[in-house]
A.B. asks: 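What follows is a single structure, and I will ask about it in a moment.
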Amino acid sequence: MSPTVTTAVRDRLRIAIQKSGRLSDPARDLLRAAGLTWRESRDRLFCFGESLAVDLLLVRDDDIPGLIADGVCDIGIVGRNVLLEQSAQTEQTRYVELRALGFGACRLALAVPNEFDWQGTASVAGCRIATSYPGLLAQWLRTHGIDAAIVTLSGSVEIAPRLGQADIICDLVSSGATLTANQLKPVATLLESEAVLAAPPDGFAGARAELADLLLRRIDGVLKIRDSKLLLFQATRSAIPALLEMLSDAETPTVTAVHDSDQLALQALCHGAMTWQRLEDLKRAGAQGLLVLPIERMLA
Ligand code: PRT
Ligand code: ZN
C-alpha cells in the first residue's frame, strides 16, 4: 500500500522585504502603517506576524523575485529594476506589479564620461558598457538595434570607465551625485523605477487570497493618505466657483451653510501638497479661516 501523501497548504501570508538597505525601513514603515506587527526572531530572518497571519521574510533584495517565483513567499517589496531585470534575464514574466509604492525612486540610465561626444543613442554602437543590469541593457540595445558589448559587474560600476574596463556605464541614478563625482553625465533613461509590491501572476487561493485582499485594501488606504490633507474654510457663495477650480486635486468637496450667515463652509480632501503659497492663493481668492488637518486613516 502506498503511503498517504498530504500536501501542506500554507494559510499564512508571507511577505519578503529587504533585510538591510535602502528599501528596508520604508517597507517596514508601510506594513506597520497597514496595521501589521511582528514578533522579531533571534536571527532576524523570519518575523512571525502577530496582528494578522502575515509573516515577514528578511532577505537580500535580489533574492525576492526568485522567492516569489518558487512560491516560498507570496508578496515581495522590491525595486521595479530588480524585478524587471530578473524577468529580462529569464525572458519570462513570472511576477505582477500589484502596486507602485512611492519610495525608492531611481532610474536606470546610460552615462558617459563628461568629455564623451554624445550624438544620441547611435553613439552607443561599438561601445563597452559596464552594468549590473545586463538583461535590461540587452533588451534596450535590441529595441534600438544597437550592437555593443555588455560588461557585467556586480558593483562599483561608476569607476569602470576610469579603470579602462568600459567606455560608458548603465547604472541606477537617484540624485546624480555619484555620476558627477565620477566625471560622468547621464544621457539616456532605460527605466523609471521605485519600490513595488510584487506577486505571482496567478494570485492566491483560500485564506491567503483573503489576507492579500485585506492587506492591499489597507495599503491602498495608507498610500492614499500619504499626501492627503483635509482642508476646511469658509467663503461667500460668489467666491466658491473660483476656489473649487483651485482645488483640482480634491475629492468632491462638501459645501454646507453657516448658521446666521451668508457664508458657506467647505470641507475638501486634497491629495496634493498644501503649501503656504497655495493657502495664500486660496485666501486671496476669498477663502477665510483656512484649516489644514492631517488624515489619520482612510478605508474606502
Ligand atoms: O544587500 P542587498 O542586495 O539587499 O542590497 P543592494 O545593495 O543590492 O540594494 P540597495 O539597498 O543599494 O538598493 C535597493 C533598491 O533601492 C534598488 O534596487 C533600487 O530599486 C533602489 N534605489 C533607489 C537605489 C538607488 N535609489 C540608488 N541611488 N539603488 C541603488 N542606488 C545606487 C546606484 O547604484 C549608484 O551607485 O546609488 C548610487 C547613485 O545614487 P546617486 O544619488 O548618487 O545618484
Ligand atoms: Zn541587491
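Each ligand, and each atom within it, is numbered from 1 in the order the structure gives.
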A.B. asks: Just which atoms of ligand 1 are under 4.0 Å from any heavy atom in Thr178?
C.D. replies: 38 (C), 39 (C), 40 (O), 41 (P), 43 (O)

A.B. asks: Among all protein non-hydrogen atoms, which one is nearest to atom 36 (O) of ligand 1, and what is the separation to 0.1 Å?
C.D. replies: Asp171 OD2, 3.9 Å

A.B. asks: Do me a favour and list the nearest non-hydrogen protein atom to atom 35 (C) of ligand 1 with residue, atom name and distance?
C.D. replies: Leu172 O, 3.6 Å

A.B. asks: Kindly determine whether Arg128 and Asp167 satisfy salt bridge (charged side-chain N to carboxylate O under 4.0 Å, His left out), including the steps that lead there.
C.D. replies: CA-CA 5 Å; Arg128 292 168 304 153; Asp167 306 302; 3.2 Å; yes

A.B. asks: Going by heavy atoms in the side chains, are Phe103 and Asp25 under 4.5 Å from each other?
C.D. replies: no

A.B. asks: Could you list which atoms of ligand 1 come closer than 4.0 Å to a heavy atom of Ala105?
C.D. replies: 23 (C), 26 (N)

A.B. asks: Which of the atoms in ligand 1, numbered in the order shown and given with their element, are less than 4.0 Å from a heavy-atom of Gly104?
C.D. replies: 21 (C), 23 (C)

A.B. asks: Report yes or no: do Leu56 and Leu23 belong to one cluster of Ile/Leu/Val/Met/Phe/Trp/Tyr joined by side chain heavy-atom distances under 4.5 Å?
C.D. replies: yes

A.B. asks: Restricting to distances shorter than 2.8 Å, give the number of protein N, O or S atoms close to the Zn ion (ligand 2).
C.D. replies: 2

A.B. asks: Looking at side-chain heavy atoms only, is the closest gap between Leu84 and Tyr95 below 4.5 Å?
C.D. replies: no

A.B. asks: For residues Ile295 and Leu230, determine if any side-chain heavy atom of one lies less than 4.5 Å from a side-chain heavy atom of the other.
C.D. replies: yes

A.B. asks: Under 4.0 Å from a heavy atom of Val173: which atoms of ligand 1 are those, numbered in the order shown and with their elements?
C.D. replies: 44 (O)

A.B. asks: Can you list the ligand 1 atoms lying under 4.0 Å from a non-hydrogen atom of Ala177?
C.D. replies: 43 (O), 44 (O)

A.B. asks: Any non-hydrogen side-chain atom of Asp171 less than 4.5 Å from a side-chain atom of Leu184?
C.D. replies: no

A.B. asks: What is the minimum heavy-atom distance between Ser238 and Pro241, and which atoms define it?
C.D. replies: O-CD, 3.5 Å

A.B. asks: Can you pull the ring pair (Phe, Tyr, Trp, His ring centres under 6.0 Å) pairs that have at least one residue in residues 243-289, sequence neighbours excluded?
C.D. replies: none

A.B. asks: Just wondering, more than 12 heavy atoms not from Arg12 lying within 6.0 Å of its CZ?
C.D. replies: yes

A.B. asks: Report the part of Leu23 in contact with ligand 1, treating N, CA, C, O as backbone and CB onward as side chain, heavy atoms under 4.0 Å; options are side chain, backbone, both, neither.
C.D. replies: side chain

A.B. asks: Between Asp281 and Arg278, does at least one N-O distance fall below 4.0 Å, as a salt bridge requires?
C.D. replies: no

A.B. asks: Would Ala195 count as a contact of ligand 1 if the rule is a heavy atom under 4.0 Å away?
C.D. replies: no

A.B. asks: When rounded to the nearest 0.5 angstrom, what distance separates CD in Glu85 from CD in Gln139?
C.D. replies: 8.5 Å

A.B. asks: In the structure I gave you, are the side-chain heavy atoms of Arg107 and Pro186 within less than 4.5 Å of one another anywhere?
C.D. replies: yes

A.B. asks: Would the number of heavy atoms belonging to other residues, nucleotides or ligands and lying under 6.0 Å from CG of Asp70 be above 12?
C.D. replies: yes

A.B. asks: Which of the atoms in ligand 1, numbered in the order shown and given with their element, are less than 4.0 Å from a heavy-atom of Gly79?
C.D. replies: 20 (O)

A.B. asks: Looking only at non-hydrogen atoms, which of Arg80, Arg107, Arg22, Lys19 approaches atom 32 (C) of ligand 1 most closely?
C.D. replies: Arg22

A.B. asks: Just jot down the ligand 1 atoms closer than 4.0 angstrom to any heavy atom of Val82, in number order.
C.D. replies: 18 (O)

A.B. asks: Please report which non-hydrogen protein atom sits nearest to atom 28 (N) of ligand 1, along with the residue it belongs to and the distance in Å to one decimal place.
C.D. replies: Ser174 OG, 2.8 Å

A.B. asks: Starting at OG of Ser193, measure out to CG of Leu83 and round the result to the nearest 0.5 Å.
C.D. replies: 9.0 Å

A.B. asks: Number the atoms of ligand 1 from 1 as they appear, then name those within less than 4.0 Å of a heavy atom of Gly21, with their elements.
C.D. replies: 11 (O)

A.B. asks: For ligand 1, find out whether one of its N or O atoms is nearer than 3.5 Å to an N or O atom of Gly176.
C.D. replies: yes

A.B. asks: Which heavy atom of the protein is the closest neighbour of atom 26 (N) of ligand 1, given with residue, atom name and distance?
C.D. replies: Cys106 CB, 3.4 Å

A.B. asks: Looking only at protein heavy atoms, identify the closest one to atom 20 (O) of ligand 1 and say how far it is in Å.
C.D. replies: Asn81 OD1, 2.6 Å

A.B. asks: Among all protein heavy atoms in this structure, tell me which lies nearest to atom 42 (O) of ligand 1, with the distance rounded to 0.1 Å.
C.D. replies: Ser175 OG, 2.6 Å

A.B. asks: Do the non-hydrogen side-chain atoms of Leu141 and Ile150 ever get within less than 4.5 Å of each other?
C.D. replies: yes

A.B. asks: What protein heavy atom sits nearest atom 14 (C) of ligand 1, and how far off is it?
C.D. replies: Asp61 OD2, 3.5 Å

A.B. asks: Do the numbers put Arg10 on top of the ring of Phe204, so that NZ or CZ is under 6.0 Å from the six-membered ring centre and no more than 45° off the axis?
C.D. replies: no

A.B. asks: For atom 7 (O) of ligand 1, find the nearest protein heavy atom and state the residue, atom name and distance (0.1 Å precision).
C.D. replies: Gln18 NE2, 4.9 Å

